[in-house]
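Here is the structure we will look at, set down as C-alpha coordinates.
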Protein chains: 2
Amino acid sequence: MEEQLERRTLDTQTADLLRNQIISGKLGAGERLTEVQIADQFQLSRGTIRSALQELKKEGLVDQLPYRGWAVSELTIRDAFELQSLRSALEALAAKLVAQTIDDTKKKRLNAAFSQLCLKAKSSNAREAAVADYDLHFCTVQLSGHKHLFDMYKLMGGQVQRYIYEANMLVENGDELIAQHAPIIDAIASGDAKKSEQLAYEHNEKEGHKLVDCLEGALIKRATKR
Amino acid sequence: MEEQLERRTLDTQTADLLRNQIISGKLGAGERLTEVQIADQFQLSRGTIRSALQELKKEGLVDQLPYRGWAVSELTIRDAFELQSLRSALEALAAKLVAQTIDDTKKKRLNAAFSQLCLKAKSSNAREAAVADYDLHFCTVQLSGHKHLFDMYKLMGGQVQRYIYEANMLVENGDELIAQHAPIIDAIASGDAKKSEQLAYEHNEKEGHKLVDCLEGALIKRATKR
DNA sequence: GCTTAGTTAATTGATAACAATATAGCTGAC
DNA sequence: GTCAGCTATATTGTTATCAATTAACTAAGC
(Lines give C-alpha, C1' and ligand atoms only; values in the text may rest on other atoms or scores of the structure.)
Protein backbone atom coordinates (compact mmCIF):
# COMPACT_ATOMS: atom_id res chain seq x y z
CA MET A 1 0.00 0.00 0.00
CA GLU A 2 1.51 3.24 -1.07
CA GLU A 3 1.15 6.04 1.45
CA GLN A 4 1.12 8.60 -1.31
CA LEU A 5 0.41 11.64 0.93
CA GLU A 6 -0.31 13.59 -2.22
CA ARG A 7 1.36 16.95 -1.88
CA ARG A 8 -0.88 19.24 -3.80
CA THR A 9 0.16 22.65 -4.99
CA LEU A 10 -2.08 25.63 -4.45
CA ASP A 11 -2.90 26.05 -8.13
CA THR A 12 -4.20 22.51 -8.52
CA GLN A 13 -6.26 22.91 -5.36
CA THR A 14 -7.82 26.10 -6.67
CA ALA A 15 -8.48 24.43 -10.01
CA ASP A 16 -10.32 21.66 -8.17
CA LEU A 17 -12.42 24.16 -6.24
CA LEU A 18 -13.36 26.17 -9.29
CA ARG A 19 -14.04 23.00 -11.30
CA ASN A 20 -16.54 21.81 -8.72
CA GLN A 21 -18.23 25.19 -8.67
CA ILE A 22 -18.62 25.11 -12.44
CA ILE A 23 -19.81 21.51 -12.58
CA SER A 24 -22.37 22.11 -9.85
CA GLY A 25 -23.57 25.26 -11.55
CA LYS A 26 -22.58 27.57 -8.71
CA LEU A 27 -20.61 29.38 -11.38
CA GLY A 28 -23.02 29.63 -14.26
CA ALA A 29 -22.29 29.55 -17.98
CA GLY A 30 -21.17 32.88 -19.38
CA GLU A 31 -20.22 34.22 -15.95
CA ARG A 32 -17.21 36.52 -16.09
CA LEU A 33 -14.18 35.82 -13.94
CA THR A 34 -11.20 38.06 -13.26
CA GLU A 35 -7.90 36.91 -11.88
CA VAL A 36 -7.79 39.59 -9.17
CA GLN A 37 -11.31 38.89 -7.96
CA ILE A 38 -10.57 35.18 -7.48
CA ALA A 39 -7.15 36.00 -6.02
CA ASP A 40 -8.76 38.24 -3.40
CA GLN A 41 -11.45 35.68 -2.66
CA PHE A 42 -8.95 32.87 -1.99
CA GLN A 43 -6.23 35.12 -0.56
CA LEU A 44 -3.76 33.95 -3.20
CA SER A 45 -1.68 35.69 -5.78
CA ARG A 46 -2.71 36.23 -9.38
CA GLY A 47 -0.04 33.89 -10.72
CA THR A 48 -1.46 30.94 -8.84
CA ILE A 49 -5.00 31.69 -9.99
CA ARG A 50 -3.77 32.15 -13.54
CA SER A 51 -2.24 28.71 -13.49
CA ALA A 52 -5.48 27.19 -12.21
CA LEU A 53 -7.54 28.94 -14.89
CA GLN A 54 -5.22 27.68 -17.59
CA GLU A 55 -5.82 24.16 -16.34
CA LEU A 56 -9.58 24.65 -16.57
CA LYS A 57 -9.18 26.15 -20.02
CA LYS A 58 -7.61 22.90 -21.20
CA GLU A 59 -10.58 21.04 -19.80
CA GLY A 60 -12.91 23.30 -21.73
CA LEU A 61 -14.61 24.73 -18.66
CA VAL A 62 -13.54 28.36 -19.07
CA ASP A 63 -12.70 30.56 -22.05
CA GLN A 64 -9.82 33.01 -22.08
CA LEU A 65 -10.55 36.42 -23.53
CA PRO A 66 -7.16 38.01 -24.27
CA TYR A 67 -6.53 41.10 -22.18
CA ARG A 68 -10.17 41.08 -21.12
CA GLY A 69 -10.53 38.25 -18.68
CA TRP A 70 -12.05 34.84 -18.32
CA ALA A 71 -15.56 33.46 -18.61
CA VAL A 72 -17.23 30.19 -17.70
CA SER A 73 -17.73 28.45 -21.05
CA GLU A 74 -21.18 28.08 -22.53
CA LEU A 75 -22.52 24.54 -22.69
CA THR A 76 -24.28 24.27 -26.02
CA ILE A 77 -26.31 21.37 -27.30
CA ARG A 78 -23.66 20.88 -29.92
CA ASP A 79 -21.05 20.52 -27.16
CA ALA A 80 -23.09 17.90 -25.37
CA PHE A 81 -23.57 15.97 -28.60
CA GLU A 82 -19.88 16.09 -29.40
CA LEU A 83 -18.87 15.03 -25.92
CA GLN A 84 -21.30 12.14 -26.00
CA SER A 85 -19.94 10.87 -29.32
CA LEU A 86 -16.41 11.09 -27.95
CA ARG A 87 -17.48 9.13 -24.90
CA SER A 88 -18.88 6.50 -27.22
CA ALA A 89 -15.57 6.04 -28.96
CA LEU A 90 -13.44 6.08 -25.83
CA GLU A 91 -15.68 3.92 -23.66
CA ALA A 92 -16.02 1.36 -26.41
CA LEU A 93 -12.26 1.08 -26.57
CA ALA A 94 -12.13 0.78 -22.79
CA ALA A 95 -14.77 -1.93 -22.74
CA LYS A 96 -12.85 -3.94 -25.32
CA LEU A 97 -9.59 -3.65 -23.40
CA VAL A 98 -11.12 -4.62 -20.07
CA ALA A 99 -12.77 -7.66 -21.65
CA GLN A 100 -9.42 -8.71 -23.11
CA THR A 101 -7.72 -8.59 -19.72
CA ILE A 102 -10.56 -9.47 -17.36
CA ASP A 103 -9.70 -11.22 -14.10
CA ASP A 104 -11.27 -11.70 -10.68
CA THR A 105 -10.08 -8.38 -9.27
CA LYS A 106 -11.46 -6.47 -12.21
CA LYS A 107 -14.73 -8.38 -12.10
CA LYS A 108 -15.09 -7.43 -8.47
CA ARG A 109 -14.54 -3.73 -9.08
CA LEU A 110 -16.82 -3.75 -12.08
CA ASN A 111 -19.60 -5.46 -10.18
CA ALA A 112 -19.22 -3.04 -7.28
CA ALA A 113 -19.69 -0.06 -9.60
CA PHE A 114 -22.61 -1.75 -11.30
CA SER A 115 -24.26 -2.55 -7.97
CA GLN A 116 -23.94 1.09 -7.00
CA LEU A 117 -25.67 2.05 -10.22
CA CYS A 118 -28.49 -0.40 -9.56
CA LEU A 119 -28.92 0.98 -6.07
CA LYS A 120 -29.04 4.59 -7.17
CA ALA A 121 -31.22 3.82 -10.16
CA LYS A 122 -33.87 2.23 -7.98
CA SER A 123 -33.97 4.23 -4.81
CA SER A 124 -32.46 7.60 -5.40
CA ASN A 125 -32.95 10.69 -7.46
CA ALA A 126 -32.16 10.91 -11.16
CA ARG A 127 -29.04 13.04 -10.73
CA GLU A 128 -27.38 10.54 -8.43
CA ALA A 129 -28.23 7.77 -10.86
CA ALA A 130 -26.60 9.72 -13.68
CA VAL A 131 -23.49 10.18 -11.55
CA ALA A 132 -23.38 6.45 -10.79
CA ASP A 133 -23.72 5.87 -14.53
CA TYR A 134 -20.69 8.09 -15.14
CA ASP A 135 -18.76 6.40 -12.33
CA LEU A 136 -19.36 3.00 -13.88
CA HIS A 137 -17.92 4.08 -17.22
CA PHE A 138 -15.07 5.85 -15.45
CA CYS A 139 -14.36 2.54 -13.74
CA THR A 140 -14.10 0.66 -17.03
CA VAL A 141 -11.69 3.27 -18.37
CA GLN A 142 -9.59 2.90 -15.25
CA LEU A 143 -9.59 -0.88 -15.46
CA SER A 144 -8.54 -0.80 -19.09
CA GLY A 145 -5.00 -0.01 -17.92
CA HIS A 146 -4.68 2.36 -20.86
CA LYS A 147 -2.94 5.41 -19.40
CA HIS A 148 -3.41 7.78 -22.31
CA LEU A 149 -7.06 6.83 -22.64
CA PHE A 150 -7.53 7.44 -18.95
CA ASP A 151 -5.89 10.87 -19.12
CA MET A 152 -8.08 11.89 -22.03
CA TYR A 153 -11.18 10.66 -20.32
CA LYS A 154 -10.33 12.66 -17.22
CA LEU A 155 -9.69 15.73 -19.33
CA MET A 156 -13.21 15.71 -20.68
CA GLY A 157 -14.64 14.56 -17.35
CA GLY A 158 -15.47 18.05 -16.14
CA GLN A 159 -17.54 18.92 -19.16
CA VAL A 160 -19.29 15.55 -19.15
CA GLN A 161 -20.21 15.83 -15.48
CA ARG A 162 -21.47 19.30 -16.18
CA TYR A 163 -24.06 18.25 -18.70
CA ILE A 164 -24.93 15.24 -16.59
CA TYR A 165 -25.66 17.63 -13.75
CA GLU A 166 -27.64 19.86 -16.09
CA ALA A 167 -29.70 17.07 -17.63
CA ASN A 168 -30.50 15.00 -14.59
CA MET A 169 -34.00 14.43 -15.90
CA LEU A 170 -32.42 12.24 -18.54
CA VAL A 171 -33.04 9.14 -16.51
CA GLU A 172 -36.78 8.71 -16.28
CA ASN A 173 -36.68 5.01 -15.71
CA GLY A 174 -34.21 3.41 -13.35
CA ASP A 175 -34.96 -0.13 -14.46
CA GLU A 176 -34.24 0.79 -18.04
CA LEU A 177 -30.89 2.24 -17.00
CA ILE A 178 -29.96 -1.06 -15.39
CA ALA A 179 -31.24 -3.09 -18.32
CA GLN A 180 -29.12 -1.03 -20.70
CA HIS A 181 -25.89 -1.59 -18.80
CA ALA A 182 -26.32 -5.19 -17.72
CA PRO A 183 -25.46 -6.76 -21.10
CA ILE A 184 -22.35 -4.62 -21.42
CA ILE A 185 -21.11 -5.67 -18.00
CA ASP A 186 -21.90 -9.29 -18.80
CA ALA A 187 -20.00 -9.15 -22.07
CA ILE A 188 -16.95 -7.62 -20.39
CA ALA A 189 -17.03 -10.10 -17.51
CA SER A 190 -17.24 -13.01 -19.94
CA GLY A 191 -14.21 -11.69 -21.79
CA ASP A 192 -15.98 -11.17 -25.11
CA ALA A 193 -13.98 -8.18 -26.36
CA LYS A 194 -15.74 -7.73 -29.67
CA LYS A 195 -19.19 -7.81 -28.17
CA SER A 196 -18.23 -5.51 -25.29
CA GLU A 197 -16.92 -2.92 -27.69
CA GLN A 198 -19.97 -3.12 -29.91
CA LEU A 199 -22.47 -2.87 -27.07
CA ALA A 200 -20.70 -0.01 -25.32
CA TYR A 201 -20.52 1.95 -28.54
CA GLU A 202 -24.15 1.43 -29.44
CA HIS A 203 -25.31 2.26 -25.95
CA ASN A 204 -23.68 5.67 -25.95
CA GLU A 205 -24.70 6.42 -29.51
CA LYS A 206 -28.32 5.81 -28.62
CA GLU A 207 -28.02 7.88 -25.46
CA GLY A 208 -26.58 10.70 -27.54
CA HIS A 209 -29.79 11.27 -29.43
CA LYS A 210 -31.87 11.12 -26.28
CA LEU A 211 -29.46 13.55 -24.65
CA VAL A 212 -29.77 16.12 -27.39
CA ASP A 213 -33.54 15.98 -27.23
CA CYS A 214 -33.45 16.33 -23.50
CA LEU A 215 -30.99 19.20 -23.39
CA GLU A 216 -32.85 21.14 -26.02
CA GLY A 217 -35.54 21.86 -23.50
CA ALA A 218 -33.18 22.77 -20.68
CA LEU A 219 -30.75 24.91 -22.63
CA ILE A 220 -32.83 26.66 -25.24
CA LYS A 221 -33.99 29.25 -22.74
CA ARG A 222 -30.49 30.23 -21.69
CA ALA A 223 -29.34 30.35 -25.30
CA THR A 224 -31.94 32.95 -26.16
CA LYS A 225 -31.28 34.99 -23.03
CA ARG A 226 -27.98 36.37 -24.32
CA MET B 1 -11.89 36.47 -45.71
CA GLU B 2 -10.86 36.96 -42.14
CA GLU B 3 -7.52 38.72 -41.68
CA GLN B 4 -6.91 36.93 -38.43
CA LEU B 5 -3.44 38.38 -37.70
CA GLU B 6 -3.04 35.86 -34.90
CA ARG B 7 -1.56 37.63 -31.91
CA ARG B 8 0.48 35.05 -30.11
CA THR B 9 1.66 35.32 -26.56
CA LEU B 10 5.25 34.55 -25.66
CA ASP B 11 4.45 31.45 -23.67
CA THR B 12 2.64 29.76 -26.57
CA GLN B 13 5.50 30.66 -28.90
CA THR B 14 8.01 29.09 -26.51
CA ALA B 15 5.81 26.04 -26.17
CA ASP B 16 5.82 25.70 -29.98
CA LEU B 17 9.60 25.97 -30.12
CA LEU B 18 10.18 23.42 -27.39
CA ARG B 19 7.55 21.09 -28.85
CA ASN B 20 9.34 21.06 -32.20
CA GLN B 21 12.66 20.39 -30.52
CA ILE B 22 11.18 17.42 -28.68
CA ILE B 23 9.38 16.02 -31.74
CA SER B 24 12.49 16.31 -33.86
CA GLY B 25 14.60 14.68 -31.18
CA LYS B 26 16.84 17.69 -30.63
CA LEU B 27 15.72 17.38 -27.04
CA GLY B 28 16.02 13.70 -26.32
CA ALA B 29 13.91 11.53 -24.04
CA GLY B 30 14.91 11.75 -20.40
CA GLU B 31 16.78 15.02 -20.88
CA ARG B 32 16.51 17.30 -17.87
CA LEU B 33 15.19 20.83 -18.24
CA THR B 34 15.26 23.64 -15.73
CA GLU B 35 13.14 26.75 -15.90
CA VAL B 36 16.07 29.12 -15.42
CA GLN B 37 18.20 27.48 -18.07
CA ILE B 38 15.47 27.85 -20.70
CA ALA B 39 14.64 31.34 -19.45
CA ASP B 40 18.26 32.40 -19.94
CA GLN B 41 18.44 30.76 -23.32
CA PHE B 42 15.37 32.58 -24.66
CA GLN B 43 15.89 35.77 -22.66
CA LEU B 44 12.50 35.41 -21.05
CA SER B 45 11.28 35.23 -17.49
CA ARG B 46 10.71 32.05 -15.59
CA GLY B 47 6.96 32.60 -15.40
CA THR B 48 6.63 32.54 -19.16
CA ILE B 49 8.71 29.39 -19.48
CA ARG B 50 6.77 27.78 -16.69
CA SER B 51 3.53 28.39 -18.53
CA ALA B 52 4.98 26.88 -21.71
CA LEU B 53 6.19 23.80 -19.85
CA GLN B 54 2.80 23.30 -18.30
CA GLU B 55 1.29 23.28 -21.78
CA LEU B 56 3.74 20.62 -22.90
CA LYS B 57 3.00 18.63 -19.76
CA LYS B 58 -0.65 18.41 -20.81
CA GLU B 59 0.48 17.14 -24.20
CA GLY B 60 2.53 14.45 -22.50
CA LEU B 61 5.85 15.68 -23.87
CA VAL B 62 7.48 16.60 -20.56
CA ASP B 63 7.16 15.35 -16.99
CA GLN B 64 7.10 17.62 -13.98
CA LEU B 65 9.18 16.49 -11.01
CA PRO B 66 7.96 18.50 -8.03
CA TYR B 67 10.64 20.82 -6.63
CA ARG B 68 13.21 19.01 -8.76
CA GLY B 69 12.62 20.16 -12.30
CA TRP B 70 11.34 18.99 -15.64
CA ALA B 71 12.34 16.21 -18.00
CA VAL B 72 11.50 15.28 -21.55
CA SER B 73 9.15 12.32 -21.22
CA GLU B 74 10.28 8.85 -22.17
CA LEU B 75 8.61 7.35 -25.21
CA THR B 76 8.03 3.73 -24.38
CA ILE B 77 6.70 1.04 -26.67
CA ARG B 78 3.68 0.90 -24.45
CA ASP B 79 3.08 4.62 -25.06
CA ALA B 80 3.28 4.17 -28.82
CA PHE B 81 0.85 1.27 -28.68
CA GLU B 82 -1.59 3.23 -26.54
CA LEU B 83 -1.41 6.28 -28.76
CA GLN B 84 -1.98 4.17 -31.85
CA SER B 85 -5.10 2.57 -30.37
CA LEU B 86 -6.42 5.98 -29.40
CA ARG B 87 -5.81 7.21 -32.93
CA SER B 88 -7.80 4.25 -34.19
CA ALA B 89 -10.80 5.18 -32.11
CA LEU B 90 -10.67 8.90 -32.87
CA GLU B 91 -9.89 8.64 -36.57
CA ALA B 92 -12.64 6.08 -37.06
CA LEU B 93 -15.11 8.51 -35.54
CA ALA B 94 -13.75 11.27 -37.75
CA ALA B 95 -14.04 9.14 -40.90
CA LYS B 96 -17.64 8.35 -40.08
CA LEU B 97 -18.54 12.00 -39.51
CA VAL B 98 -16.87 13.21 -42.69
CA ALA B 99 -18.64 10.54 -44.71
CA GLN B 100 -21.96 11.65 -43.23
CA THR B 101 -21.42 15.27 -44.27
CA ILE B 102 -19.34 14.90 -47.40
CA ASP B 103 -19.62 17.62 -50.05
CA ASP B 104 -17.53 18.94 -52.95
CA THR B 105 -15.37 21.20 -50.82
CA LYS B 106 -14.52 18.40 -48.43
CA LYS B 107 -13.87 15.99 -51.29
CA LYS B 108 -11.41 18.47 -52.73
CA ARG B 109 -9.47 18.90 -49.50
CA LEU B 110 -9.46 15.18 -48.86
CA ASN B 111 -8.15 14.41 -52.34
CA ALA B 112 -5.47 17.08 -52.01
CA ALA B 113 -4.18 15.48 -48.82
CA PHE B 114 -4.35 12.03 -50.38
CA SER B 115 -2.47 13.20 -53.49
CA GLN B 116 0.23 14.59 -51.26
CA LEU B 117 0.50 11.22 -49.55
CA CYS B 118 0.79 9.44 -52.93
CA LEU B 119 3.50 11.85 -53.99
CA LYS B 120 5.56 11.44 -50.84
CA ALA B 121 5.01 7.69 -50.73
CA LYS B 122 6.44 7.25 -54.20
CA SER B 123 9.24 9.74 -54.52
CA SER B 124 10.39 10.78 -51.12
CA ASN B 125 11.90 9.35 -48.00
CA ALA B 126 10.00 7.27 -45.49
CA ARG B 127 9.79 9.96 -42.87
CA GLU B 128 8.10 12.43 -45.17
CA ALA B 129 5.66 9.74 -46.22
CA ALA B 130 4.82 9.08 -42.57
CA VAL B 131 4.23 12.80 -42.05
CA ALA B 132 1.93 12.94 -45.08
CA ASP B 133 0.12 9.94 -43.61
CA TYR B 134 -0.40 11.85 -40.39
CA ASP B 135 -1.47 14.98 -42.28
CA LEU B 136 -4.13 13.01 -44.15
CA HIS B 137 -5.67 11.75 -40.94
CA PHE B 138 -5.37 15.19 -39.40
CA CYS B 139 -7.30 16.47 -42.38
CA THR B 140 -10.18 14.05 -41.83
CA VAL B 141 -10.38 15.06 -38.19
CA GLN B 142 -10.52 18.70 -39.25
CA LEU B 143 -13.20 18.06 -41.85
CA SER B 144 -15.33 16.19 -39.35
CA GLY B 145 -16.36 19.53 -37.90
CA HIS B 146 -16.19 17.98 -34.45
CA LYS B 147 -14.50 20.60 -32.31
CA HIS B 148 -13.87 18.51 -29.22
CA LEU B 149 -12.53 15.65 -31.30
CA PHE B 150 -10.22 18.06 -33.08
CA ASP B 151 -8.92 19.53 -29.83
CA MET B 152 -8.18 16.09 -28.43
CA TYR B 153 -6.47 14.98 -31.58
CA LYS B 154 -4.26 18.07 -31.50
CA LEU B 155 -3.47 17.40 -27.87
CA MET B 156 -2.00 14.00 -28.65
CA GLY B 157 -0.49 15.26 -31.92
CA GLY B 158 2.90 16.03 -30.44
CA GLN B 159 3.40 12.55 -29.06
CA VAL B 160 2.15 10.92 -32.24
CA GLN B 161 4.48 12.95 -34.43
CA ARG B 162 7.26 12.05 -32.07
CA TYR B 163 6.98 8.33 -32.60
CA ILE B 164 6.36 8.86 -36.29
CA TYR B 165 9.65 10.70 -36.43
CA GLU B 166 11.31 7.96 -34.42
CA ALA B 167 9.96 5.09 -36.49
CA ASN B 168 10.36 6.45 -39.98
CA MET B 169 11.42 3.05 -41.20
CA LEU B 170 7.84 1.97 -40.64
CA VAL B 171 6.95 2.59 -44.25
CA GLU B 172 8.98 0.17 -46.31
CA ASN B 173 6.63 0.13 -49.23
CA GLY B 174 5.10 3.33 -50.61
CA ASP B 175 2.62 1.55 -52.87
CA GLU B 176 1.30 -0.43 -49.94
CA LEU B 177 0.76 2.79 -48.01
CA ILE B 178 -1.34 4.16 -50.84
CA ALA B 179 -3.24 0.93 -51.27
CA GLN B 180 -4.10 0.95 -47.57
CA HIS B 181 -5.56 4.43 -47.60
CA ALA B 182 -7.31 4.44 -50.98
CA PRO B 183 -10.34 2.38 -49.89
CA ILE B 184 -10.84 4.58 -46.82
CA ILE B 185 -10.81 7.75 -48.89
CA ASP B 186 -13.17 6.14 -51.40
CA ALA B 187 -15.60 5.11 -48.70
CA ILE B 188 -15.61 8.60 -47.21
CA ALA B 189 -16.03 10.29 -50.58
CA SER B 190 -18.94 8.02 -51.44
CA GLY B 191 -20.62 8.94 -48.16
CA ASP B 192 -20.65 5.42 -46.75
CA ALA B 193 -20.33 6.27 -43.06
CA LYS B 194 -20.45 2.76 -41.70
CA LYS B 195 -17.81 1.46 -44.09
CA SER B 196 -15.55 4.49 -43.58
CA GLU B 197 -15.59 4.01 -39.83
CA GLN B 198 -14.91 0.31 -40.10
CA LEU B 199 -12.03 0.65 -42.55
CA ALA B 200 -10.37 3.50 -40.68
CA TYR B 201 -10.53 1.58 -37.43
CA GLU B 202 -9.14 -1.62 -38.90
CA HIS B 203 -6.37 0.19 -40.70
CA ASN B 204 -5.00 1.74 -37.54
CA GLU B 205 -5.43 -1.41 -35.50
CA LYS B 206 -3.35 -3.33 -38.00
CA GLU B 207 -0.73 -0.61 -38.11
CA GLY B 208 -0.56 -0.72 -34.33
CA HIS B 209 0.92 -4.20 -34.27
CA LYS B 210 3.40 -3.37 -37.00
CA LEU B 211 4.34 -0.23 -35.12
CA VAL B 212 5.09 -2.06 -31.91
CA ASP B 213 7.30 -4.55 -33.73
CA CYS B 214 9.10 -1.74 -35.48
CA LEU B 215 9.65 0.39 -32.40
CA GLU B 216 10.93 -2.52 -30.38
CA GLY B 217 14.12 -2.44 -32.40
CA ALA B 218 14.56 1.31 -32.22
CA LEU B 219 13.76 1.83 -28.57
CA ILE B 220 15.05 -1.22 -26.81
CA LYS B 221 18.58 0.12 -26.73
CA ARG B 222 17.60 3.39 -25.11
CA ALA B 223 15.43 1.60 -22.60
CA THR B 224 18.37 -0.46 -21.36
CA LYS B 225 20.73 2.49 -21.29
CA ARG B 226 19.14 4.02 -18.18
C1' DG C 1 -26.66 63.66 -35.64
C1' DC C 2 -22.69 60.98 -36.89
C1' DT C 3 -18.08 59.85 -37.04
C1' DT C 4 -13.53 59.90 -35.20
C1' DA C 5 -9.56 60.87 -32.33
C1' DG C 6 -8.01 61.07 -27.73
C1' DT C 7 -8.35 59.76 -22.74
C1' DT C 8 -9.07 56.79 -18.94
C1' DA C 9 -10.11 52.67 -16.28
C1' DA C 10 -9.85 47.78 -16.04
C1' DT C 11 -7.50 43.70 -16.96
C1' DT C 12 -4.18 40.62 -18.43
C1' DG C 13 0.89 39.81 -20.22
C1' DA C 14 5.45 39.52 -18.51
C1' DT C 15 9.11 40.12 -15.19
C1' DA C 16 11.56 40.06 -10.90
C1' DA C 17 12.01 38.94 -6.09
C1' DC C 18 11.10 35.99 -2.05
C1' DA C 19 9.82 31.43 0.28
C1' DA C 20 9.59 26.46 0.46
C1' DT C 21 11.37 22.03 -0.73
C1' DA C 22 14.25 18.22 -2.17
C1' DT C 23 18.70 16.32 -3.22
C1' DA C 24 23.48 15.55 -2.52
C1' DG C 25 27.48 15.89 -0.02
C1' DC C 26 29.71 16.29 4.35
C1' DT C 27 30.58 15.35 9.26
C1' DG C 28 31.01 12.83 13.23
C1' DA C 29 29.55 9.26 16.47
C1' DC C 30 29.54 4.43 16.92
C1' DG D 1 33.68 1.39 7.72
C1' DT D 2 28.85 2.72 8.11
C1' DC D 3 24.98 5.28 8.92
C1' DA D 4 22.18 9.11 11.01
C1' DG D 5 21.82 13.76 10.96
C1' DC D 6 23.18 18.32 9.44
C1' DT D 7 24.14 21.78 5.90
C1' DA D 8 24.63 23.82 1.41
C1' DT D 9 22.88 24.27 -3.03
C1' DA D 10 19.89 23.89 -6.78
C1' DT D 11 15.31 24.24 -8.15
C1' DT D 12 10.64 25.04 -8.07
C1' DG D 13 6.36 27.23 -5.58
C1' DT D 14 4.40 31.67 -4.68
C1' DT D 15 3.98 36.45 -4.44
C1' DA D 16 4.40 41.25 -5.82
C1' DT D 17 5.34 44.72 -9.34
C1' DC D 18 5.67 46.82 -13.81
C1' DA D 19 4.23 46.96 -18.84
C1' DA D 20 1.02 46.27 -22.67
C1' DT D 21 -3.54 45.88 -24.38
C1' DT D 22 -8.41 46.38 -24.61
C1' DA D 23 -12.81 48.60 -24.32
C1' DA D 24 -15.65 52.12 -22.84
C1' DC D 25 -16.21 56.85 -22.50
C1' DT D 26 -15.72 61.77 -23.93
C1' DA D 27 -15.57 65.48 -26.82
C1' DA D 28 -14.39 67.84 -31.03
C1' DG D 29 -15.08 68.28 -36.05
C1' DC D 30 -17.95 67.84 -40.02
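Protein chains get the first letters and strands the later ones, always in sequence-line order, with residue 1 at the start of each.
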Item to check | Pairing residues for B:D151 by the side-chain hydrogen bond (donor to acceptor under 3.5 Å, both in side chains) criterion, not counting sequence neighbours | outcome: B:K147

Checklist entry - Between D:dT11 and B:R68, is there an OP1 or OP2 to side-chain N/O distance shorter than 4.0 Å? => result no

Checklist outcome for this item: Hits for side-chain contact (heavy atoms from CB on, under 4.5 Å) against B:V72, two or more places apart or cross-chain, chain-then-number order -> B:I22, B:L27, B:E31, B:L33, B:R162

Item to check | Contacts of B:Q159 that satisfy side-chain contact (heavy atoms from CB on, under 4.5 Å) - sequence neighbours left out | outcome: A:H148, B:L61, B:L83

Check the interface with nucleotides 14-17 of chain D: list each N/O to N/O pair with the protein under 3.5 Å, or write none.
residue: D:dT14; atom: OP1; partner: A:L10; partner atom: N; Å: 3.0
residue: D:dT15; atom: OP2; partner: A:S45; partner atom: N; Å: 3.2
residue: D:dT15; atom: OP2; partner: A:S45; partner atom: OG; Å: 3.3
residue: D:dT15; atom: OP2; partner: A:T48; partner atom: OG1; Å: 2.8

Next on the checklist: Whole angstroms only, please: what is the CD-C1' distance between B:Q64 and D:dG13?
Outcome noted: 10 Å

Checklist outcome for this item: From CG of A:D63 across to C1' of C:dT12 the rounded distance in Å is 16 Å

Item to check | side-chain hydrogen bond (donor to acceptor under 3.5 Å, both in side chains) partners for B:E35, two or more places apart | outcome: B:R46, B:R50, B:W70

Checklist entry - Looking for any heavy atom pair under 4.0 Å, which part of the strands does B:L33 touch: base, sugar-phosphate only, or nothing? => result sugar-phosphate

Next on the checklist: Just to verify, what does A:K206 make a side-chain hydrogen bond (donor to acceptor under 3.5 Å, both in side chains) with, not counting sequence neighbours?
Outcome noted: none

Next on the checklist: Looking at B:K106 and B:D103, is any side-chain nitrogen of the basic one under 4.0 Å from a carboxylate oxygen of the acidic one?
Outcome noted: no

Quiz: residues 88-96 of chain A side-chain donor-acceptor pairs under 3.5 angstrom, not counting sequence neighbours:
residue: A:S88; atom: OG; partner: A:Q84; partner atom: O; Å: 2.9
residue: A:E91; atom: OE1; partner: A:H137; partner atom: ND1; Å: 3.1
residue: A:E91; atom: OE1; partner: A:N204; partner atom: ND2; Å: 2.4
residue: A:E91; atom: OE2; partner: A:R87; partner atom: NE; Å: 2.9
residue: A:E91; atom: OE2; partner: A:R87; partner atom: NH2; Å: 3.3
residue: A:E91; atom: OE2; partner: A:Y153; partner atom: OH; Å: 2.4
residue: A:K96; atom: NZ; partner: B:Y201; partner atom: OH; Å: 3.0
residue: A:K96; atom: NZ; partner: B:E205; partner atom: OE1; Å: 3.1

Item to check | Whole angstrom value for the distance that separates C1' of D:dT11 from CG of B:D40 | outcome: 13 Å

Checklist entry - Quick one: do B:K58 and A:E55 make a salt bridge, cutoff under 4.0 Å? => result yes

Checklist outcome for this item: Rounded to whole Å, CD of B:E35 lies from C1' of C:dA14 at a distance of 15 Å

Item to check | Interatomic distance, A:Q37 CD vs C:dA10 C1' [rounded to whole Å] | outcome: 13 Å

Item to check | Spacing of B:I49 atom CD1 relative to C:dA14 atom C1', expressed in whole Å | outcome: 11 Å

Item to check | Residues that A:F138 engages under ring pair (Phe, Tyr, Trp, His ring centres under 6.0 Å), provided they are two or more places apart | outcome: A:F150

Item to check | Nucleotide C:dT11, atom C1' - distance to CZ of A:R32 in whole Å | outcome: 9 Å

Checklist entry - To the nearest 10 degrees, how far apart in direction are the end axes of the helix from C:dG1-D:dC30 to C:dC30-D:dG1, each fit to five base pairs? => result 10°

Checklist entry - Between B:K57 (NZ) and D:dT12 (C1'), how many Å, whole number? => result 12 Å

